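Remarks on the structure that follows.
Heads up: numbering here begins at 1 and tracks the sequence. Computed from a predicted model, the values in this text were never measured in an experiment.
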Amino acid sequence: MKKTKLVTLTAAVLLSGGLLAACSPDEKSAESSTPESSVAASSEDVVSSASITDKPEEIVKSLSAEGNWITAATADVTVDQEIVVDGEFHDKDDASADIYRKLALHTQDEKFNILDNFTLTVPKIVVNSENFTVFYGTIKGDIEVNANGFSLIGTKVDGNITFTKEEYQTSADLDKDGKGATVTGEVTVAE
């Protein structure tokens, strides 16, 4: 129980600071039925700015225009439909901060060491949100980019990435911070 509370508190502190740590499914306490509720108990600010889940429907909703600035998977997730990353969001859900959106496919400890990486399997992800970044995991599926600032940090894309404009490809960083991101398919511009 003490370990779970420490991990939950760490998750709240790191998420509100813009970094991610989430408890793995086997570290959830008996008091909390989902990772969201354990984070909610630790920090109300985090609830409004993050979605931490292993449910496909919650991943889809969180990445939509009505979603959150950060979406974090806590397990491998398979989504049978196209995911559309839409809407304008700001870093840490602060309207005065830069436009920014995150998808985290990992957990990490309080020292930022990666604990687990997860795979998001999806037919296609359509990115309409500016400055969308995917962190440390695998996307099995294609990605279509319709916005500036798309980036990958330590992420493997097992599929193709298509930019609908040269401008979007030029502004992208497919191995941001040199963390070993890779794309197994083709990277092309549709125009």
Give a yes or no on whether the backbone of Ser96 and the side-chain of Asp94 come within a donor-acceptor separation of less than 3.5 Å.
yes

Can you find a pair of side-chain heavy atoms, one from Gln108 and one from Asn113, that are under 4.5 Å apart?
no

Any side-chain heavy atom of Val127 sitting closer than 4.5 Å to one from Tyr168?
no

Count the heavy atoms belonging to other residues, nucleotides or ligands that lie under 6.0 Å from CG of Asp80, then report whether that count exceeds 12.
no

Step by step, would you call Leu105 with Ile139 a side chain to side chain contact (heavy atoms under 4.5 Å, CB included)?
CA-CA 9 Å; Leu105 298 173; Ile139 293 176; 3.9 Å; yes

State, without any angle test, whether Ser51 and Thr71 hold a side-chain donor-acceptor pair at a distance under 3.5 Å.
no

Is there a donor-acceptor pair under 3.5 Å between the side chain of Thr155 and the backbone N or O of Ile153?
yes

Val187 to Gln169 - nearest heavy-atom pair and separation
CG1-NE2, 3.7 Å

Would you indicate whether Asp98, at its atom CG, is surrounded by more than 12 heavy atoms from other residues, nucleotides or ligands within a distance under 6.0 Å?
no

Listing, residues 157-165 side-chain donor-acceptor contacts under 3.5 Å, not counting sequence neighbours, or none:
unit_1	atom_1	unit_2	atom_2	d
Asp158	OD1	Thr184	OG1	3.0
Asn160	OD1	Glu186	N	2.7
Thr164	OG1	Val145	O	3.3
Thr164	OG1	Asn146	OD1	2.8

To the nearest 0.5 Å, tell me how far Trp69 CH2 sits from His90 NE2.
12.0 Å

Sequence neighbours left out, cut at 3.5 Å: what donor-acceptor pairs do the side chains of residues 117-126 make with other protein atoms?
unit_1	atom_1	unit_2	atom_2	d
Asn117	ND2	Tyr136	O	3.1
Lys124	NZ	Glu144	OE1	2.8

